[in-house]
Amino acid sequence: MPELPEVETIKNDLRPELKGRRFTSVSILWPRMVLSGSPELLGEQLIGQHIREVARRGKYLVFRLASGQALVLHMRMTGSLLLRSASESSPDERRYVTAVFGLDSGQELLFCDRRKLGTVALVDSEAGLDRKLGPEPLDRAFTTQKLQGLLAKRKAPIKAILCDQDVIAGIGNMYADEALFSARIHPLRPANSLSHNEIDKLRNAIIVVLRKGIRNAGASFSDYRRPSGNRGSQQNAFQVAHRGGETCSVCATPIVRIPVRNRGTYYCPKCQSDATCSGS
DNA sequence: CCCGGAACCTGAAGGC
DNA sequence: TGCCTTCAGGTTCCGG
């Protein structure tokens, strides 16, 4: 489940390898992953193009091309990117490959995706991404005041709002739970019920939790791998995410799992008091 | 506009 | 052992 820290790690790993490289071949094994036109057209337009920059916006990985176009990839839940010398990938790695991008370095970029939900699109501009995504939580512009504005008038559970890409770009199920635990806020609290102090704590928690995730190269609970094939280590550092039944590191109360918008949500019932409490 | 639920996707895991 | 059900969660769509 690549969220912001996972995609950021992929970007950081790929950038030095791919910057300045040229696409020499494109092979789409799962046609439905291509959102822009046909797989054939994607290949036609991509082959020969140089990669000017590797970037990230929210959970999207963006290859900025010399032509001004951009190749935009999304891993969804089970997607990963492996960078391998041509034909050096193992059968295990090949098993779920949905696309192969050949490069003039002799390397191959493999899009691996067990559930085939990942997507790729060649776009003329990144403006479409900016239109549909909220602010980057690690930008300076993501202030407490900004977050307060985003949460105002939203009465849905704060957990659901944090995962809404229109509100903030890049936070998903795992890091939302971690940020709420760190800020000691119950996941079911209506977003507009948070006090200014709580919003301030939440903003700081979001930033700290995401930065820690990046420092640990992301969380490899299931399919996520770095382009080298290595795992991240953030899964070992989570306080509550995917830790149902284990004891809270602060108060030893068992971590509870509840559905919020049909998503598994982990929290400490003592540290994150209750949903009706309006905080201090 | 806002909210919640369903659908999409398919392998893994667990029950019997 | 094997069949069946349930689960996973990012995004998109739809109805209220």
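So that the names make sense, note that chain A is the first sequence line, chain B the second, and so on, each numbered from 1.
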Item checked: A:E198 bridged to A:K201 by N-O distance under 4.0 Å -> no
When rounded to whole Å, the CZ to C1' distance for the pair A:R263 and C:dT6 reads 15 Å
Checking all strands, does A:P259 fall into the base, sugar-phosphate, or nothing category for heavy-atom contacts under 4.0 angstrom? nothing
* To do: Report the C-alpha distance between A:F238 and A:Y175 in whole Å, list the side-chain angles of each, state the deciding distance to 0.1 Å, and finish with yes or no for ring pair (Phe, Tyr, Trp, His ring centres under 6.0 Å).
  => CA-CA 9 Å; A:F238 280 141; A:Y175 292 93; 5.3 Å; yes
Note: contacts of residues 1-9 of chain A with DNA chain C (heavy atom, under 4.0 Å) are A:M1, A:E3
*Check whether the side chains of A:K116 and A:T98 place a donor and an acceptor atom closer than 3.5 Å, and report yes or no.*
no
Here the gap from A:L4 atom CG to A:R56 atom CZ, rounded to the nearest 0.5 Å, amounts to 3.5 Å
Looking only at the side chains, is there a donor atom on one of A:S67 and A:Q49 sitting less than 3.5 Å from an acceptor on the other?
yes
CG of A:L46 to CD of A:Q69, rounded to nearest 0.5 Å, is 8.5 Å
Under a 4.0 Å heavy-atom cutoff, the residues of residues 125-138 of chain A touching DNA chain B are none
| said: Looking at A:E6 and A:G218, would you say the former's side chain and the latter's main chain have a donor-acceptor pair under 3.5 Å? | reply: no
By nearest-nucleotide position on DNA chain B, the 5'-leaning member of A:R76 and A:Y96 is A:R76
May I ask you to check whether A:T144 and A:D200 show a side-chain donor-acceptor distance below 3.5 Å? yes
A:Q165 CD to C:dC13 P, in whole Å, measures 15 Å
A:D113 CG to C:dG10 P, in whole Å, measures 14 Å
Go through the side-chain N and O atoms of A:Q239 and A:E178 and say whether any donor and acceptor fall under 3.5 Å apart.
no
Quiz item: Centroid-to-centroid, A:F101 to A:F63, below 6.0 Å?
Solution: no
* Reckon A:H74 has a side-chain N or O less than 4.0 Å from the OP1 or OP2 of C:dG10? -> no
To the nearest angstrom, the CG-P distance between A:N173 and C:dT11 comes to 11 Å
Note: for A:R115 and A:N262 on DNA chain B, the residue whose nearest nucleotide lies more 5' is A:N262
Bounded by its outermost nucleotides with an atom under 4.0 Å from a heavy atom of chain A, the footprint on DNA chain B reads B:dC2 to B:dA12
N-O pairing of A:E126 and A:R57 below 4.0 Å: no
(Q) Could you check whether A:T143 and A:Q145, counting side-chain N and O atoms only, form a donor-acceptor pair closer than 3.5 Å? (A) no
Within residues 209-225 of chain A, those residues having any heavy atom closer than 4.0 Å to DNA chain C are none
Review point. Do A:N230 and A:S228 get their side chains close enough for a donor-acceptor pair, meaning under 3.5 Å?
Key: yes
Applying ring-ring contact (aromatic ring centres under 6.0 Å, His included) to A:H242 and not counting sequence neighbours gives A:F221, A:Y266
The residue among A:R15, A:R64, A:K11 that forms side chain to side chain donor-acceptor pair (under 3.5 Å) with A:E53 is A:R15
Residues of residues 229-238 of chain A with a heavy atom under 4.0 Å from any atom of DNA chain B, listed by number, are none
Q.
Whether the A:D113 and A:T78 side chains hold a donor-acceptor pair (N or O, under 3.5 Å, no angle test) is what I'd like checked.
A. yes
